[in-house]
Undergrad: 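First, the structure itself, so that you have it in front of you.
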Amino acid sequence: MGLWSLESWFDSKSGNTMRMFRSKILDMYFKSKKVSLLILAITALVFSRTMFVFFNDAEGPNLLVVVVTAAVIYFPALAVYLRKPRLLAAALAQILIAAVLYLFLK
């Protein structure tokens, strides 16, 4: 029986598609993880841009500076997220990192 044969997808006793079920669970897990990482990246950009709004600069923040600061905010939050996959904990870590950076740069 090959991988693509119909019999290989079905469990002979119960008739369930166990391989497809496991595959869908893994797909949902990776999609959820991708969405969470995307949310972390977007919030890092938002917090970085918001941090530079509070500085008194007539020209405004440089795009490169905002992106680099977002990376500085994103990667420690990513470490928090990968250590314990809780999106709220990672977002709180981003808020804390942005506040500390703002206080050090002011």
Side-chain angles (χ1 to χ4, degrees):
M1 301 229 170
L3 179 64
W4 299 107
S5 68
L6 188 59
E7 291 86 15
S8 69
W9 286 98
F10 286 97
D11 183 26
S12 61
K13 294 179 183 176
S14 64
N16 292 330
T17 56
M18 294 306 291
R19 288 185 185 168
M20 290 178 66
F21 183 69
R22 288 183 187 139
S23 175
K24 285 183 182 183
I25 288 175
L26 286 175
D27 285 345
M28 285 181 4
Y29 172 74
F30 288 122
K31 277 186 182 179
S32 171
K33 196 166 190 172
K34 284 181 188 178
V35 169
S36 296
L37 295 178
L38 183 65
I39 289 171
L40 282 179
I42 290 171
T43 55
L45 282 170
V46 167
F47 289 143
S48 174
R49 179 69 176 106
T50 304
M51 185 179 74
F52 284 108
V53 165
F54 292 115
F55 289 126
N56 262 340
D57 189 10
E59 296 177 8
N62 187 351
L63 180 63
L64 179 66
V65 173
V66 171
V67 171
V68 169
T69 308
V72 168
I73 293 172
Y74 176 74
F75 286 115
L78 177 65
V80 169
Y81 179 75
L82 292 177
R83 173 95 171 134
K84 189 169 188 169
R86 302 275 188 252
L87 188 59
L88 182 61
L92 291 175
Q94 283 185 337
I95 293 171
L96 182 68
I97 294 165
V100 168
L101 278 175
Y102 176 73
L103 291 175
F104 278 126
L105 293 175
K106 189 171 181 182

Undergrad: Heavy atoms only: give me the nearest P61-R49 pair and the separation to one decimal.
TA: CG-NH1, 3.0 Å
Undergrad: Same cluster or not: are L82 and I73 linked, directly or through other Ile, Leu, Val, Met, Phe, Trp or Tyr residues, by side-chain heavy atoms under 4.5 angstrom apart?
TA: no
Undergrad: Could you state whether L103 and L101 fall into the same hydrophobic cluster, counting links through intermediate Ile, Leu, Val, Met, Phe, Trp or Tyr residues with side-chain heavy atoms under 4.5 angstrom apart?
TA: yes
Undergrad: Side chains of T69 and Y102: closer than 4.5 Å at any heavy-atom pair?
TA: no
Undergrad: Is any side-chain heavy atom of F52 closer than 4.5 Å to one of D57?
TA: no
Undergrad: Any chain of hydrophobic side-chain contacts (each under 4.5 Å) joining Y74 to L96?
TA: no
Undergrad: Are I97 and V80 co-members of a hydrophobic cluster defined by side-chain heavy atoms under 4.5 Å apart?
TA: no
Undergrad: With hydrophobic residues grouped by side-chain heavy-atom distances under 4.5 Å, do V35 and I42 end up in a single group?
TA: no
Undergrad: Ignoring hydrogens and geometry, is there a side-chain-to-backbone donor-acceptor pair from S48 to A44 under 3.5 Å?
TA: no
Undergrad: Which distance, rounded to the nearest 0.5 Å, do you find between the CG of L40 and the CZ of F75?
TA: 11.5 Å
Undergrad: If you compare all heavy atoms of F47 against all heavy atoms of A98, which two are closest, and at what distance to 0.1 Å?
TA: CB-CB, 4.1 Å
